[in-house]
Amino acid sequence: MAFLGTAVRKVASCRPALSPLCRSATTSRRYSSSSEPTTEKILLYVPFKKTTTFKQISCLGCQTVYHLAKMGMTNVVLLERDRLTAGTTWHTAGLLWQLRPSDVEVELLAHTRQVISHDLEQETGLETGWIQNGGLFIASNKQRLDEYKRLMSLGKVYGIESHVLSPAETKDLYPLMNVDDLYGTLYVPKDGTMDPAGTCTTLSRAATARGATVIENCPVTGIQVSTDDMGVKRVKAVETFHGTIQTPVVVNCAGYPVCCSKMIIVPVICLEHTNMPNVRDHDASVYLRLQGDALSVGGYEQNPVFWDKVSDKFAFSLFDLDWDVFMQHIEGAINRVPALEQTGIKSTVCGPESFTADHKPLMGEAPEVRGFFLGCGFNSAGMMLGGGCGRELAHWIIHGRPEKDMYGYDIRRFHHSLTDNNKWIRERSHESYAKNYSVVFPFDEPLASRNMRTDPFHKVLDYDWYGAYDISKNQNYKYNELLGKEYTFDYPPHHHVIKNECLTCRHGVSVFNMSYFGKFYLTGPDAKKAADWLFSADVNKIPGSTVYTCMLNKRGGSEADLTVSRLEAGAANLPLAPEANGDAYYLAIGGGVAEHNWNHIKTVLQDEGLNCQLTDYSEDMGMISIQGPKSREVLQEILDTDLSNEAFPFSTHKVCNAAGHKVRAMRLSFVGELGWELHIPKDSCLPVYQAVMAAGAKHSIINAGYRAIDSLSIEKGYRHWHADLRPDDTPLEAGLAFTCKMKSTIPFLGRASLEKQKAEGLRRRIVCFTIDEKVPMFGLEAIFRNGVPVGHLRRSDYGFFIDKQIGYGYIRNPDGGVVNADFIKSGKFTLERMGVVYEAKPHLKSPFDPSNNRVKGIYPDNYHNVYKANAQ
């Protein structure tokens, strides 16, 4: 208690604190309008001054403070409004499973395991309570076992031991289990169990030993935010009952519990089996964990209880268990371990847990306020992801970005129009909870809260909550029926539909609706400076030019790939052209990552102090892409401009008329064919589209979808951001050196890192692989060179024109050496899919049109006539 008292006095003495580290402020306000304690857990951190960090502590909070201290930050204060482990941490099951259907998550889990099972004990001499009792995944059908086999193959890349067991072998390992209905299991011997209290206590002691401060029973009453001279809101200070802490950085490690998690604990019958593995029976939606002399049983149902009014006094409280809701888990557990039917219940646990809209945590700097970081919403996985995420969050705070690709967890992945939309949050969070144990299929899509943002071509159907809460399921739901057919690890039943779309694009003409793209304008006095610094390519060509480029981070990683079009100066003609007295640029960005790109650009502009305006016209324009050898013939009928190679070359754009409507036409392709994009004001979208389809009717024009784009783009070797191009991949590694203005003297963000990497040689690089067998692959398949794992596929799809399965993945030299062309050519490569190995051929260039003739409009003589004859 003496330490706590001393710590509180330190905080109290900060009330009149100086704020030399904060930018000059014109206004200051409370981020909380209430004088009552907040329920948030928040971490505060000041880079160069005395103590400043606070949170109400979750395991992630303890992990973040520990890693900040380990990275040398001693001026960190962690505030807990009650006591350590309050909230959801104290009653968590503490299970750690090493295998997940994500390479990044496998790496995050590996670090958690390393910290809990080894590092903390070495540093402190204290035991964390780690038990390596193994993990057992139950498969009741072929699809579930196929999912586990995919995990097994990925695990080999990371050295994770796992074994597919027969029902009889499973019975030997877990004698209490009923195996009559099993298809098989996956056993991971080095999975285990964490102790929440022991882990958090040891983490906090390790952090304080390195200079961090941990204060319990210190509620937060408000966060002060200032607005600097550029109008940017920044964290200024944190208010508590014991005083105010001046700080430019706060981390919220609490989140908001939206559903109730439930668990019962029953005595174990055969106590001699004291090291039985933890069990996940996904199909029954239950987990089993040995807990001393008892067995805990928990699960996830489709009708969780929402907790709408969060109490700030709930810290170590529980709810009464709703047996009507939980009984489905009892039935599943008894089926798996029949002895439970004759066993009494020792105790019950029903506590709150936070679930997010896409079943992924919320991390990173909030877009609205600089210096306000998030580390919350872990969907019942906070303990096992805490070590890896705590390290990445600490790196994010200190260096401005994490080391790994954390886009899937970054708060900026959500469009700003959705993050305060309660309907969207509630429906999507329900679905993420209800599907927590569902098979993770390659092309699954959410059904909840669709239609929140729509383009001019969209139709609407409401969410049915999977029939929960006495809500009737949607009838005649065609999309759901089609999606259900995608639930396979084989080629889907409509594989031939995708084939037709792809080959029609290759031989004729197809239309793609690309309206979801982000559409931004960059203008202002410093627009040229900003463009030079932001974009890796030289985008300052003549007006009318369009350039494909990357945006990088300081380490040279690819934060985005996009097209940037140089505009003429002139009066506004919105939404097709902004007012520009000088340099102006039009940015077209993949819609799924547009919010991330927007915030990356805004952050760079703020950090560099550049006087620019970034405006968003994504909702004001639609976009269709007309692609294929016959695209020129179709569009020449409706556009009032010459589309010849001489008049309208590749990578250029013009504002012109399409069927009487103004559009911006760009000659670009993401599928490797002759083609144009039409960027269209919203009200003109339908008439322009109808004119395109009418003109294309005699050429057998068709609509094509994103699955066709996936196939066509991988066949051509074009990159998908966040699949084969991520923030931890440099353009040099990704085969995109041509997007970098390295031959110029123009500085750009990340250039120094690229120059260093180029001088030292690449230790990893992307490679294209094809296999002769017609076997579906989707990414995460292991890559072997001469029998040694060297990487895994990031993306894979079928190339219908070359008639082969194609995959792209990054490979490393297991000796740590340079990965060059000779290393690739001299190796014998294989790919492992679900435990089966296939010979693979590596390609240094795309196997489809490596000379880029088709995008230039250069096709073989009589190409159309040959296709027409073959089609007949």
Side-chain angles (χ1 to χ4, degrees), residues 71 392 395-396 398-407 522 526-541 545 547-564 566 583 585 587 589 596-597 600-601 603-610 612 651 717-719 721-722 724-768 790-791 794 808-813 815-824 844-845:
M71 292 179 189
E392 293 305 307
H395 202 277
W396 218 326
I398 296 172
H399 300 289
R401 63 152 283 106
E403 285 190 296
K404 299 186 185 302
D405 166 37
M406 299 297 287
Y407 170 74
L522 179 64
D526 291 338
K528 184 178 184 300
K529 290 181 183 178
D532 283 339
W533 183 247
L534 276 166
F535 308 124
S536 61
D538 184 2
V539 300
N540 282 301
K541 309 293 185 182
S545 63
V547 177
Y548 172 67
T549 182
C550 293
M551 289 193 292
L552 311 180
N553 52 50
K554 292 178 182 178
R555 299 175 63 203
S558 304
E559 291 290 338
D561 69 330
L562 66 158
T563 59
V564 179
R566 183 89 181 271
D583 299 293
Y585 307 86
L587 284 52
I589 301 166
H596 172 269
N597 286 198
H600 173 75
I601 295 169
T603 298
V604 172
L605 296 180
Q606 293 166 8
D607 290 346
E608 296 299 317
L610 295 170
C612 297
S651 284
Y718 291 155
R719 309 292 183 252
W721 194 84
H722 202 236
D724 29 30
L725 182 65
R726 306 192 311 201
D728 52 347
D729 305 321
T730 72
L732 306 186
E733 296 167 337
L736 298 177
F738 69 90
T739 67
C740 301
K741 46 183 179 264
M742 303 291 284
K743 294 181 180 179
S744 75
T745 59
I746 303 171
F748 60 90
L749 182 59
R751 176 168 186 150
S753 296
L754 295 188
E755 290 175 337
K756 183 175 184 291
Q757 185 180 60
K758 184 178 180 181
E760 295 175 348
L762 298 179
R763 262 53 181 182
R764 62 194 287 271
R765 63 181 291 178
I766 200 168
V767 178
C768 172
V790 292
R794 288 278 190 85
Y808 276 83
Y810 288 82
I811 66 170
R812 296 179 180 273
N813 187 329
D815 297 330
V818 172
V819 178
N820 53 28
D822 289 338
F823 178 83
I824 297 169
L844 296 178
K845 289 187 176 182

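Here salt bridge (charged side-chain N to carboxylate O under 4.0 Å, His left out) pairs that include residues 734-751, with residues two or more places apart or in two chains, are R751-E755.
Under the side chain to side chain contact (heavy atoms under 4.5 Å, CB included) criterion, K758 pairs with L732, sequence neighbours left out. In this structure H600 satisfies the ring pair (Phe, Tyr, Trp, His ring centres under 6.0 Å) test with no other residue, sequence neighbours excluded. Under the salt bridge (Lys or Arg N to Asp or Glu O under 4.0 Å) criterion, K554 pairs with no residue at all, not counting sequence neighbours. In terms of the side-chain hydrogen bond (donor to acceptor under 3.5 Å, both in side chains) criterion, S558 has no residue partners (sequence neighbours excluded). For Y407, the ring pair (Phe, Tyr, Trp, His ring centres under 6.0 Å) test picks out H596, W721, H722, with sequence neighbours left out. Listed by chain and number, the residues in a side-chain hydrogen bond (donor to acceptor under 3.5 Å, both in side chains) with R794 are D729 (sequence neighbours excluded). The salt bridge (Lys or Arg N to Asp or Glu O under 4.0 Å) search around E559 returns R401, not counting sequence neighbours. Applying the salt bridge (Lys or Arg N to Asp or Glu O under 4.0 Å) test to D532 and every residue at least two apart in sequence or in another chain returns K528. Under the rule for a side-chain hydrogen bond (donor to acceptor under 3.5 Å, both in side chains), the partners of Y585 that lie at least two apart in sequence or sit in another chain are N540. Residues satisfying the side chain to side chain contact (heavy atoms under 4.5 Å, CB included) criterion with K756, sequence neighbours excluded, are E760. Not a single side-chain hydrogen bond (donor to acceptor under 3.5 Å, both in side chains) links R555 to another residue, sequence neighbours left out.
When every heavy atom of A537 is checked against every heavy atom of V547, the shortest pair comes out as CB-CG1, 3.7 Å. Closest of all the heavy-atom pairs between L754 and L552 is CD1-CD1, 3.6 Å. Scanning both residues, P402 and E392, for their nearest heavy atoms gives CB-OE1, 3.3 Å. Heavy atoms only, all atoms of each residue included: D724 and Y808 are closest at OD2-CB, 4.2 Å. Of all the heavy atoms in F748 and S536, the pair that sits closest is CD1-CA, 4.0 Å. Nearest heavy atom pair, residue A531 against residue L522, reads N-CD2, 4.3 Å.
Judged purely by atom type and a 3.5 angstrom limit, N813 uses its side chain to pair as donor or acceptor with the backbone of D815.
When D526, V604, L605 are each tested for a side-chain contact (heavy atoms from CB on, under 4.5 Å) with W533, only one passes: V604.
The CG atom of D561 sits 5.5 Å away from the CG atom of L725 when rounded to the nearest 0.5 Å. Atom CE of M71 sits about 6.5 Å away from atom NE2 of H399, to the nearest 0.5 Å.
Between I824 and R765, some side-chain heavy-atom pair lies under the 4.5 Å cut-off. The shortest distance between side-chain heavy atoms of S753 and T730 does not fall below 4.5 Å. When side chains are defined from C-beta on, L762 counts as touching Q757, because their heavy atoms get closer than 4.5 Å. V818 is not listed as a side-chain neighbour of F823, based on a closest heavy-atom distance of 4.5 Å or more. Counting heavy atoms from C-beta on, the side chains of T549 and L562 come closer than 4.5 Å. Contact check for Y548 versus L736: side-chain heavy atoms found under the 4.5 Å cut-off. In this structure, the side chains of R566 and K541 stay at 4.5 Å or more apart for every pair of heavy atoms.
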- Task: Show your working on side-chain contact (heavy atoms from CB on, under 4.5 Å) between F535 and L587 and close with a plain yes or no.
- Result: CA-CA 11 Å; F535 308 124; L587 284 52; 3.9 Å; yes
- Message: For a side-chain contact (heavy atoms from CB on, under 4.5 Å) check, start with the C-alpha distance between E608 and L749, then their side-chain angles and the critical distance, and finish with the verdict.
- Response: CA-CA 11 Å; E608 296 299 317; L749 182 59; 5.9 Å; no
